[in-house]
Protein chains: 2
Amino acid sequence: MTNRLEDLLSTLQAAATLEDLQAILETLRDHYGVEHTVYHWVNSVGERYGAGTYSAEWVDRYLEKDYLRMDPVIFVCFQRFTPVSWKELDWSSKPAREMWQDALDHGLGNQGYTIPIRGPSGQFALFTLNASLSDEDWAQFIDENARDLMILGHEFNKKALEFEQWGEDGSVPALSPRELASMGCLARGMSRAQAAAELNISEHTLRVYIESSRHKLGAMNTTHAVARALSAGIIII
Amino acid sequence: MTNRLEDLLSTLQAAATLEDLQAILETLRDHYGVEHTVYHWVNSVGERYGAGTYSAEWVDRYLEKDYLRMDPVIFVCFQRFTPVSWKELDWSSKPAREMWQDALDHGLGNQGYTIPIRGPSGQFALFTLNASLSDEDWAQFIDENARDLMILGHEFNKKALEFEQWGEDGSVPALSPRELASMGCLARGMSRAQAAAELNISEHTLRVYIESSRHKLGAMNTTHAVARALSAGIIII
DNA sequence: TTAAAACTCCCCATAAATAGCGAGGTCGCG
DNA sequence: CGCGACCTCGCTATTTATGGGGAGTTTTAA
């Protein structure tokens with residue numbers, strides 16, 4: 001079992017395209033004997049990226065019906081650090097129950113396990129296994145494989161980040177100390193006058209820093225500049 | 001080795017206080033034969049939470065000298081998904097070199113390995129091992145233990161989140177879809193006029209959303225609101 | 001069903017941010 | 001030693017954001 005995992009991880013580390021991830025997920029599904037294995041990257045607007053063994057029909061339907069906004073799995077994973085087994089969730093709301101039935105009709109199994117994974121700048125992804133098993137068998141399966149699945153999920157996310165070149169490209173412009181301090185003050189809610197007082201400089205000088213930060217960050221306005229600085233991780237609230 | 005890890009993980013799962021974490025980190029240090037093991041939770045104001053085997057003097061000095069703001073480990077981990085070995089980092093800047101020398105003077109080893117860990121609502125923590133070893137030995141050590149260390153780091157963070165009840169209490173206010181969309185537009189650099197056009201609403205309506213978002217987020221101004229929304233991970237650029 | 005929340009629109013006055021023009025001192029690097 | 005980058009300060013005019021007031025409809029949830 002462990003050797004098989006090592007093989008899969010080696011393959012994963014050699015993956016170069018999204019199709020490679022797709023193939024690995026299929027291998028993984030067969031290896032674990034489950035219905036589906038899915039890695040997908042989630043953001044507020046919709047699915048930005050993903051691979052898995054769900055049927056194209058189900059993926060289309062999921063997007064079309066905007067299930068992303070009512071899916072308890074996503075909702076709960078967004079607020080949790082630890083993985084979740086689907087049966088633990090609250091499926092009582094009407095849209096959730098409709099979605100669940102719809103999922104079963106589209107070939108999903110009755111059990112699921114989803115691992116939330118977070119990367120830099122709010123990046124968020126999910127690694128999911130779906131199966132048809134009794135509650136006891138599923139609990140045992142998860143108990144036995146939870147750790148391997150976490151490793152796998154993280155390796156998938158690592159690859160996805162490489163593909164997208166998220167943050168790793170060092171294209172983040174360097175701000176001077178005063179510029180960083182200025183951005184920091186603004187990000188913490190200070191007005192220009194307050195920030196200038198905090199930094200013991202005139203408001204005009206502060207403005208010069210904000211302007212130069214804006215230009216370096218390629219931002220349209222102060223809010224944009226602060227957002228980019230935060231997103232790039234060069235300031236922290 | 002693996003059995004020892006299982007023991008440690010069991011102890012960790014039973015931990016109930018920060019002191020327990022502290023004791024486990026000390027056991028871990030002795031087990032791996034390294035100089036220091038540290039778990040700490042990071043935000044901009046300073047260390048919010050942490051446990052580890054660093055001397056009190058070093059922790060005090062670190063905070064006093066505001067090293068948090070110049071520490072390349074933190075800076076880089078904030079932008080990465082994968083762990084980092086300290087020798088890979090850029091220590092060329094003067095403040096970084098001074099900090100490094102200061103660290104050596106305070107009993108730190110010449111090698112380090114830090115794993116960034118992210119939780120819900122922008123929570124961010126680091127799990128660090130520090131040792132005195134040659135580059136080759138350290139590389140081999142990391143190669144052998146990377147996976148276990150990742151598991152350990154995640155278990156530490158899971159515990160820390162339990163202690164702090166992060167995210168469970170709804171401490172992050174829920175914004176309505178339109179409010180989120182408004183914040184998103186502003187974070188992407190649009191002016192109010194542009195954002196209103198983008199969302200197909202009047203500029204005044206947009207203002208209502210910005211205002212309500214501001215109030216929900218407890219922000220002083222628009223920039224602050226966007227910064228908090230980003231920081232909480234409820235919007236993504 | 002009914003109440004709460006969300007979504008949409010409008011006006012007015014004031015506060016704040018942006019854009020443009022300046023100038024001069026310090027520090028490090030080649 | 002000069003060049004560039006950083007830090008500091010001032011002025012004016014225009015654009016934009018904020019804060020206060022109100023008032024309808026639709027959607028969602030108890």
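The sequence lines fix the lettering, A, B, ..., with proteins before strands; numbering per chain opens at 1. These figures come from a predicted structure and were not determined experimentally.
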Phosphate-side-chain proximity, A:Arg192 and C:dA15, N/O vs OP1/OP2 below 4.0 Å: no
Rounded distance (Å) that lies between atom C1' of D:dG21 and atom CD of B:Glu211: 13 Å
Phosphate OP1/OP2 of D:dC9: any A:Thr205 side-chain N/O under 4.0 Å: yes
Side chain B:Asn130, main chain B:Gly109, donor-acceptor under 3.5 Å: yes
Distance in angstrom units between B:Ile210 CD1 and C:dC7 C1', rounded: 15 Å
A:Phe127 and A:Phe156 aromatic centres sub-6.0 Å: yes
Between B:Arg80 and B:Thr82, a side-chain donor and acceptor under 3.5 Å: yes
A:Arg214 vs C:dA19: side-chain N/O to OP1/OP2 distance below 4.0 Å: yes
Closest-nucleotide 5' rank along DNA chain D - winner of B:Val208 and B:Met220: B:Met220
Side-chain N,O (B:Tyr209) to OP1/OP2 (C:dA6) below 4.0 Å: no
Sugar-phosphate only, base, or nothing, as touched by A:Ser176 at under 4.0 Å among non-hydrogen atoms: sugar-phosphate
Residue-phosphate contact under 4.0 Å: B:Ser202 side-chain N/O, C:dC9 OP1/OP2: yes
Sugar-phosphate, base or nothing in reach of B:Thr222, heavy atoms under 4.0 Å: sugar-phosphate
Aromatic contact, B:His36 with B:His106 (centres under 6.0 Å): no
d(CG, A:Asn221; C1', C:dA19) in whole Å: 14 Å
Phosphate-side-chain proximity, B:Arg207 and D:dT16, N/O vs OP1/OP2 below 4.0 Å: no
Short side-chain donor-acceptor distance under 3.5 Å, A:Ser182 and A:Glu179: no
Interatomic distance where CE belongs to B:Met183 and P belongs to C:dA6 [whole Å]: 14 Å
C:dA6 phosphate, OP1 or OP2, under 4.0 Å from B:Lys216 side-chain N/O: yes
Euclidean distance, atom CD of residue B:Glu203 to atom C1' of D:dT15 [Å, nearest integer]: 12 Å
Rounded distance (Å) that lies between atom P of D:dA17 and atom CG of B:Leu206: 9 Å
